[in-house]
Amino acid sequence: MSDEAHNPFRPIDAMLPHTQLEAETREFWREREIFRRSIEERPADAVFSFYEGPPTANGAPGVHHVLSRVFKDLFPRYQTMRGRRVPRKGGWDTHGLPVELEVERELGLSSKAEIEDYGIERFNQQCRESVMRYVEQWEDMTDRVAFWIDMSDAYRTYTPEYIESCWWIFKTLWDQDLIYEARRTTPHCPRCETSLSSHEVAQGYAEDTPDPSIWIRFRAHNDTLPSALRHTGPTDLLAWTTTPWTLPANSGLAVAADESYAAVQLPDGSRLLLAERLVERALGDIEGVRVAARVDGAKLEGVTYEGLYEPEQWGNSAWRFEGARLVECEDDELPARRVVTADFVSMEEGSGIVHIAPAFGEDDYLLGRDAGLLFRQPVDLRGLMTGDPSAGPSFVGKWVKDADADVIADLDSRGQLLRQQTIRHTYPFCWRCDTPLLYYAKPSWYIATSRLRDSLLDSNEHLIQWHPEHIRRGRYGDWLSNNVDWAISRERYWGTPLPFWRCESCGRTDCVGSFDELRRRAVGDPPDLSDPHRPVVDDVLIRCEACGGEARRIPEVADAWFDSGAMPYAQWHYPFENQELFAERFPADFICEAVDQTRGWFYSLHAEAVLLHNAEAVPEPTSFRHVLSLGHILDEQGEKMSKSRGNVVDPWSVLDAHGADALRWYCYVASPAGNPRRFSERLVGEAQRRFLHTLWNTYAFFVTYANIDGWRPGDRAVGAPLDLDRWILSELHALIERVTAALEAYDATDAARALERFVDALSNWYVRRSRRRFWSSARGGAAADRSAKAAAYETLYTVLTTLARLLAPMTPYLAEEIWRNLVAEQDADAAESVHLADWPTAEAAQIDERLNTEMALVQRVASLGRAARSNAGIKVRQPLAAVSVAVPTAADAAAVERHAETIADELNVKEVKLAEAGSDARRYTIKPNLRVLGPRLGPQLPALRGALSSLAPELAAHIVQVVETGQTVEIEGISLGSDDLLIESEAGGGADTASAEDESCSVSLDTRISEPLAHEGLAREVIHRVQSLRRDSGLHPADRIQLVLATDDAELGAALRAFESLVAAETLATRVAHDGAAHPHQAAASIEGAPLTLSLARA
RNA sequence: GGGCCAUUAGCUCAGCAGGUUAGAGCGCAGUCCUGAUAAGACUGAGGUCCCUGGUUCGAGUCCAGGAUGGCCCA
């Protein structure tokens, strides 16, 4: 045995010690600064730019965060090895409502009034601290999963520099006239006095919420009705609503233009107008209803009617639209309420006439704006009906939901109410305080992205590569083509302050584009902008350039998505600093996040680039070229992971149990990156066992035997490669090609699955088939053996060191371990780390397609042969005389002959024979080759198929013989050659054979066991027992032994004598005795029923 | 209500220029092999390829409609 000091390679454990290995590897990377060097040692003029989508560190990272980080890591590592310089600047998203809500919760605040009482300055200070609270956990996780990114130089969206870059963007867009203020309908919590994001709204839906359902009469002005509807009495327009409190804000009624409307006569003499299709549903329970006239909805447009309430009379204003602006009306200019057409009018419920209150619904607002209806908002942001209680109805001053009852009672008393019911439906509530939300139109600031819709679509189409591709035109493109202007203002505190100042004298609004500009224009002393957040910035007044008055900043802050979309510029404080860095890194070659960022970060990045490019402020209308959109992680049941469901998987438990490489490998191999994936720790463990463990075993095998033999990489000169060696190298280079192509296409799964197939073949075919070559040294061996052994070492070494590089981007720890032990610690000139090494190149000359095909056939034959043995119940240890193989082509037959030795060895048979084509010992099945004949024959095919399936066996054999000579046969009047037919054969099933076959290949074993074969079988059984005893006795594989085998059984004794040299050679016995003193390590065995005592000692 | 994705064995997933008997891994049962051994090989059981129509000589694969789940948006 070799002295450890002389081992060429560092000995390793047979089990993959992932925890220790990963910790040591991280330490090595840290000490030797491998990450920094992996960037700096690549040429500065070959930058591959990566942008980090900033996470928010106000919560602990989950396994879904691990998913995106391992994909973010994979491609930069790959590109580095391909020779690119890949700087990776980290970043943190720090602003926004989620941060504020967390702080509100901690401080026990629940309204804006309470926040302002607490103090905006203190509140924002809390936000600043809260947002980085989990940063250490994030950094630990990042380090542990080996996501290489520079955290020490991470950008943070709350820094003054970052905010100033955002101001520059606002100013640039402002100068292009792309920013405006307008009202928009938003879900609003009247208790918290804030808009809620759709995400928040989605959390708060309650089913089965009871609400009033009332049917109201609006008295039409007779002279405005179409002539078909005019008659002597009054006509009422029938509308339906579940929000009586919005009725005072009514300013129109909407109908469907292409529906028929009916005027119906009620028994009491009154007339109601409603959609004809809904008459039965709405009035079916009233006896004597009669349709008096019909008219198309379009004809109703312009009909005017009496209002139910005139809120102007108790102190509310009415407004009219001027484009998107609202202008307050003087009382005497109010136009009458009127009927308009709209495409959202439902024929599923209600009356087909919809009450329109533009202040309280998205549809209503847009319709009011486009049709020029009045805008009334007699409700304040606290949800109270506004106005002078002494001048108005009883509901004035009441909370809207309480006002409902007053409105209903009032309308009933005035005869305006047809009926009232209660319905149950799904309604949104504030997820924090359970207050019903109101849809409320209020002013917001917008970026006019819709004006650049064509540019957005164009750069999406031509400049961005989506992975998966379908998102380009699907989820993203489809949404983009319906792009609406971006609402960027939030009535909140912790965010980038919007740099818009409005003159308190003349109302002119101006945008400030830098801190310098603000200091210059400030009234009084230049302000300290070391923290430009609210409230500091709120206190800065500037001089109005139009009238010389004082302008005050509007109170809103920016949508946090705006911050994230600004990162290509703001991370460098561009354009105030780092112009060259910006130019070098813009746009990113690669970004990666989960699919929910499609309309989040992916959009904000894209939109800001297009907007800035439109202003000629950046060189391209995109800030990224390749975007990898990851599917979400679901739990084992396919449910989304969320805290409230309690099914969140903690990444640490997975990392501790299986290691980072296993988790990474699972992420890559389990399913395509874009698909949602069901996650379970069990599957990570499976990935580890199936792949990492197999590779580790192969690596451990190599190190063990190389150390025994003292083989070093420098010994390469000798050794003529066998077919087996050439084959695995051929497969290796085909693998390089495949993996390279897959990673170029951002397809990690294809790369990983190819690697998995290769490692399986390496372990279970190449190494298994090569084992004897590695052992041969232990027996001294001839020159030919030494050559074959050297070739095996050289080949396996090449394969493992190449695999280390192919795997480096995916399993960086394991790849590093293999590389360092096999390469870096051997050769001072080699790359110190695999992550500093170059990506391997596929050499076409090494790829031998024919050999690959042949070996696949040999493996199939071996597999079939084992199946045949299994069918016959004959174990592989029992040698057999012959196997007969039938294959379809001459090339296949030649392959079987060429590799007969391998097949014989695999199947433990003495001889491999080829079955004769057409021999009557075989049965043939002939089928039409559908792929060829389908297009040619079409409808004739079924008849031919029937004829072929019912051929007599002799005729089938005859046809086979004919077509094999290249001639054609005629069946059902159709001339058929060998290409038109698929021929399958199976063994005739002789008494002494066992066979197995697949579609084209048949293997038949001679099952007759002669006495010598039986004896050899017994001898092999004994060898097996001796080997077990060697191992149980703790002997090293290379130890020589002395052996005593004693038996009373004549048959077994004869077998042992006949095969004594085989037994000795296989067990490394220098001496085999059949009696005499027993050695220290002993065992008793029963060999096919014959008793055997065996004992051995180290020689 | 709209868009996108998915639906194939008990579980996780392949397959799809339309082609004959739909595969792999895990799990289960059995057998074998073992000088990589907490591995490995073979066999078996296990499928209305979500449903309904259509195109076609032929559909898991293409088309239409629907169902269920996931995501995004109203």
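Here is the naming used below: chain letters follow the sequence lines, and residue numbers restart at 1 for every chain.
- Shown here is A/R453, whose CZ atom has more than 12 heavy atoms of other residues, nucleotides or ligands within 6.0 Å.
- As rounded to whole Å, 12 Å separates atom C1' of B/C42 from atom CD of A/E906.
- What separates CG of A/L480 from C1' of B/C72 is a distance of 14 Å, to the nearest Å.
- Separating the P atom of B/C32 from that of B/G70 is a span of 48 Å, rounded to the nearest Å.
- Under the Watson-Crick or G-U wobble criterion, with both distances below 3.5 Å, B/G25 is paired with B/C11.
- Each of A/R690, A/Q688, A/R689 was evaluated against A/E686; a single residue qualifies, A/R690, per the side-chain hydrogen bond (donor to acceptor under 3.5 Å, both in side chains) test.
- Rounded to whole Å, the separation between the P atoms of B/G47 and B/A59 comes to 22 Å.
- A donor-acceptor contact closer than 3.5 angstrom links the side chains of A/D709 and A/Y793.
- Looking only at atom types and distance, the side chain of A/E756 has a donor-acceptor partner in the side chain of A/W665 under 3.5 Å away.
- For A/H470, the side-chain atoms get nearest to B/C5 when compared with the rest of B/U20, B/G35, B/C5.
- You'll find a donor-acceptor pair under 3.5 Å spanning the side chain of A/S763 and the base of B/A36, going by distance alone.
- Remark: B/A41 base-pairs with B/U31; criterion is Watson-Crick or G-U wobble with both hydrogen-bond distances under 3.5 Å.
- Rounded to a whole Å, the CG atom of A/D478 is 13 Å from the P atom of B/A74.
- Listed pair A/S863 / B/C42 meets the phosphate criterion, a side-chain N or O lying under 4.0 Å from OP1 or OP2.
- Separating the CZ atom of A/F774 from the P atom of B/A36 is a distance of 12 Å, rounded to the nearest angstrom.
- Distance check on atom C1': B/U21 versus B/A17 gives 23 Å, rounded to whole Å.
- Look at the C1' atom in both B/C13 and B/G53: the space between them is 29 Å, to the nearest Å.
- At a threshold of 4.0 angstrom between heavy atoms, the contacts of A/A670 are confined to the sugar-phosphate backbone, with no base atom among them.
- B/U43 and B/C33 have their P atoms separated by 16 Å, given to the nearest Å.
- A distance of 6.0 Å or more separates the ring centres of A/Y365 and A/Y439.
- Atom OH of A/Y476 and atom C1' of B/G3 are 15 Å apart (whole Å).
- Using modelled atom types, one finds a donor on one side chain and an acceptor on the other under 3.5 Å when comparing A/D485 with A/S450.
- With B/C13, B/A41, B/A39 as the choices, the nucleotide that has an atom nearest any side-chain atom of A/R866 turns out to be B/A41.
- One atom, CD1 of A/I903, and another, P of B/A41, lie 19 Å apart when rounded to the nearest Å.
- If you check distances only, the side chain of A/R475 does reach the base of B/C71 with a donor-acceptor pair under 3.5 Å.
- Figure legend. B/C4 is base-paired to B/G70; pairs are counted as Watson-Crick or G-U wobble with both atom distances under 3.5 Å.
- In this structure B/G65 sits in a base pair with B/C51, meeting the Watson-Crick or G-U test at under 3.5 Å.
- In this structure, A/W466 atom CH2 and B/C71 atom C1' are separated by 14 Å, rounded to whole Å.
- Of the candidate nucleotides B/C71, B/G3, B/C13, B/C13 has the atom lying nearest to any side-chain atom of A/R753.
- The C1' atoms of B/G69 and B/C50 are separated by 11 Å, rounded to the nearest whole Å.
- Of the two residues contacting RNA chain B, namely A/Q1027 and A/P672, the nearest-nucleotide position lying further toward the 5' end is that of A/P672.
- Comparing A/T1067 and A/R689 by the nucleotide of RNA chain B whose heavy atom lies nearest to each, the residue mapping closer to the 5' end is A/T1067.
- B/A45 and B/C51 are spaced 23 Å apart, taking the P atom of each and rounding to whole Å.
- A side-chain donor from one of A/R664 and A/Y668 sits under 3.5 Å from a side-chain acceptor of the other.
- Between A/N764 and B/C42, a side-chain N or O to OP1/OP2 separation shorter than 4.0 Å is absent.
- Rounded to whole Å, the distance from CD on A/E686 to C1' on B/G25 is 6 Å.
- Side-chain atoms of A/L683 lie closest to B/U12 of the nucleotides B/A14, B/G3, B/U12.
- Of the listed nucleotides (B/A38, B/G35, B/C71), B/A38 has the atom at the smallest distance from the side chain of A/H693.
- Pairing for B/A17 is absent, with no Watson-Crick or G-U wobble pair whose two atom distances lie under 3.5 Å.
- Of the N and O atoms on the side chains of A/Q465 and A/Y746, not one donor lies less than 3.5 Å from an acceptor on the other residue.
- Distance check on atom C1': B/C72 versus B/U12 gives 26 Å, rounded to whole Å.
- Taking only side-chain nitrogens and oxygens, A/R869 never comes nearer than 4.0 Å to OP1 or OP2 of B/C42.
- Applying the Watson-Crick and G-U wobble criteria (two distances, each under 3.5 Å), B/U56 pairs with nothing in any strand.
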